[in-house]
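Only one structure is covered here, and it is reproduced in the block below.
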Amino acid sequence: MADQKLPLSFYRETDVVALSRRLVGKVLCTQTGDRPVTSGLITETEAYSGCNDRASHAYGGRRTQRTKTMYEAGGIAYVYLCYGIHHLFNVVTNIQNKADAVLIRAIQPLEGKDVMLQRRNRQKVAPSLTAGPGRLSQALNISTGIDGVNLTGDTIWIEDRGLILSDHEIESTTRIGVDYAGSDAQLPWRYYLRESRWISEK
DNA sequence: CATTTGATGTTCT
DNA sequence: GAACATCAAATGC
């Protein structure tokens, strides 16, 4: 079968942790303006479980201008500004009002590497190009401007290219940068390709 | 190599 | 004011 764009039903899965694991090995693609398609293999993800997860922006049912996107039905992008500089890309999952999301933390460049180098102002294709949530967003031209955009459209989407990963190829550890979340910081909800160099931390 | 620091918008106290 | 799902450049070994 040809490359297949993931359908809305994929994102409406109710187990955000299982979905986070399943997104590793899929291919994130963007296309803006008249630029060529840029894409990369998803190598690292983190699950954020809505209202009950102290690391989540939606913890305790918090609704703000920023977080309202997370409460929509799964299958759209949640992009927000971190530290006033970095645009972080998340996949909204589950049904409406559940506020579950998966943060994409790293990709391995596939198509459009020259465009990514240009956007990032780099000379060489190396992990620092797209390994890290702020980095991959800049490489793929993802910004808060596409917050709420449908992931089955032609601006940003995710493809299944038939790669199947067994459990020993995927490592799960605690999430990055969520020390403030108390005991929830210990949850092993970060998934990454064990053998990949394209990871945000060693 | 490791550690420190500056950049900087939104949200919450 | 302070904290924050971060990064890059500068500084110290």
Side-chain angles (χ1 to χ4, degrees), chain A residues 11 16-21 23-24 28 40 42-72 74 76-94 98-109 116-149 151 156 158 171-193 197-202:
Chain A
Y11 302 102
V16 67
V17 178
L19 197 68
S20 177
R21 153 75 174 73
L23 277 168
V24 176
L28 177 61
I42 296 173
T43 55
E44 181 179 350
T45 65
E46 284 179 0
Y48 286 84
S49 184
C51 307
N52 302 312
D53 178 1
R54 290 164 72 183
S56 170
H57 292 160
Y59 176 61
R62 220 161 57 232
R63 284 179 189 259
T64 65
Q65 188 64 28
R66 179 176 69 159
T67 64
K68 67 180 184 186
T69 309
M70 303 179 79
Y71 292 86
E72 298 293 321
I76 61 175
Y78 169 48
V79 184
Y80 81 97
L81 198 58
C82 182
Y83 296 102
I85 301 175
H86 306 290
H87 300 260
L88 269 55
F89 170 68
N90 302 249
V91 174
V92 176
T93 75
N94 211 328
K98 289 298 186 186
D100 288 355
V102 176
L103 169 67
I104 308 299
R105 289 194 56 88
I107 62 172
Q108 171 185 341
M116 296 192 214
L117 287 169
Q118 208 173 58
R119 287 176 180 149
R120 295 267 301 129
N121 196 24
R122 309 262 123 169
Q123 310 305 318
K124 289 184 174 176
V125 176
S128 64
L129 183 65
T130 55
R135 292 165 172 168
L136 77 88
S137 292
Q138 189 179 21
L140 294 182
N141 200 30
I142 293 170
S143 72
T144 51
I146 61 158
D147 181 57
V149 167
L151 294 176
I156 180 166
I158 301 177
E171 188 80 67
S172 73
T173 65
T174 55
R175 293 172 290 180
I176 305 287
V178 295
D179 295 342
Y180 59 90
S183 57
D184 287 346
Q186 303 303 313
L187 295 168
W189 285 357
R190 170 174 175 248
Y191 292 91
Y192 64 92
L193 272 180
R197 296 165 50 240
W198 305 86
I199 301 299
S200 68
E201 284 198 355
K202 172 188 66 108

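In what follows, chains are A, B, ... by sequence order, proteins preceding strands, each numbered from 1. Given the structure is predicted, the values throughout are model-derived calculations rather than measurements.
Taking atom C1' in both B:dT3 and C:dA5, the straight-line distance is 22 Å, to the nearest Å. With P as the reference atom, B:dT5 and C:dA3 are 16 Å apart, rounded to whole Å. Rounded to whole Å, the P atom of C:dA10 lies 15 Å from the corresponding atom of B:dT8.
You'll find the side chain of A:Glu171 reaches within 4.5 Å of the side chain of A:Tyr192, heavy atoms only. Residues A:Arg135 and A:Leu129 are not in side-chain contact: their nearest non-hydrogen atoms beyond the backbone lie 4.5 Å or more apart. A heavy-atom distance below 4.5 Å is found between the side chains of A:Asp100 and A:Ser49. Contact annotation: the side chain of A:Val79 approaches that of A:Phe89 to within less than 4.5 Å [non-hydrogen atoms, C-beta and beyond].
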> What dot-bracket string describes DNA chain B from 5' to 3', counting Watson-Crick and G-U wobble pairs whose defining distances are under 3.5 Å, with [ ] for crossing pairs and | for pairs to another strand?
Replying inline: |||||||.||||.
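In terms of the salt bridge (Lys or Arg N to Asp or Glu O under 4.0 Å) criterion, A:Arg119 has no residue partners (sequence neighbours excluded). The salt bridge (Lys or Arg N to Asp or Glu O under 4.0 Å) search around A:Arg66 returns none, not counting sequence neighbours.
B:dC12 atom P lies 11 Å from atom CD of A:Gln65, rounded to whole Å. Here B:dT10 presents its P atom at 12 Å from CG of A:Asp147, a figure rounded to the nearest Å. Taking atom CZ on A:Arg63 and atom C1' on B:dT10, their separation rounds to 19 Å, with Å as the unit. Rounded to an integer number of Å, the gap from A:Arg66 CZ to B:dT11 P is 6 Å.
Rounding to the nearest 0.5 angstrom, the gap separating the CG atom in A:Leu103 from the CZ atom in A:Arg190 is 10.5 Å. Rounding to the nearest 0.5 Å places OG1 of A:Thr45 at 11.0 Å from CG of A:Asn90. If you take CE on A:Met70 and OH on A:Tyr78, they are separated by 5.5 Å, rounding to the nearest 0.5 Å. The structure places OH of A:Tyr48 at 14.5 Å from CZ of A:Arg54, a figure rounded to the nearest 0.5 Å. Rounded to the nearest 0.5 angstrom, A:Asn94 CG and A:Leu19 CG are separated by 9.5 Å.
Bounding nucleotides for the chain A contact on DNA chain C, 5' to 3', at a heavy-atom distance below 4.0 Å, are C:dC4 to C:dA8.
Residues from residues 130-144 of chain A lying near DNA chain C, meaning a heavy-atom separation below 4.0 Å, are A:Gly132, A:Pro133, A:Gly134, A:Arg135 in numerical order. Looking at residues 45-62 of chain A, you'll see A:Arg62 sit with a heavy atom under 4.0 Å from some atom of DNA chain B.
Put simply, the side chain of A:Glu72 never gets that close to the backbone of A:Gly148: no donor and acceptor are under 3.5 Å apart. Within the 3.5 Å criterion, the main-chain N or O of A:Arg105 finds no donor-acceptor partner in the side chain of A:Ser200.
Both A:Arg120 and A:Val178 lie close to DNA chain C; mapped to their nearest nucleotides by heavy-atom distance, the more 5′-ward contact belongs to A:Val178. Each of A:Gly84 and A:Ser128 was matched to the nucleotide of DNA chain C holding its nearest heavy atom; the match closer to the 5' end belongs to A:Gly84.
Backbone-only contact: A:Arg105 has heavy atoms under 4.0 Å from sugar-phosphate atoms and none from a base.
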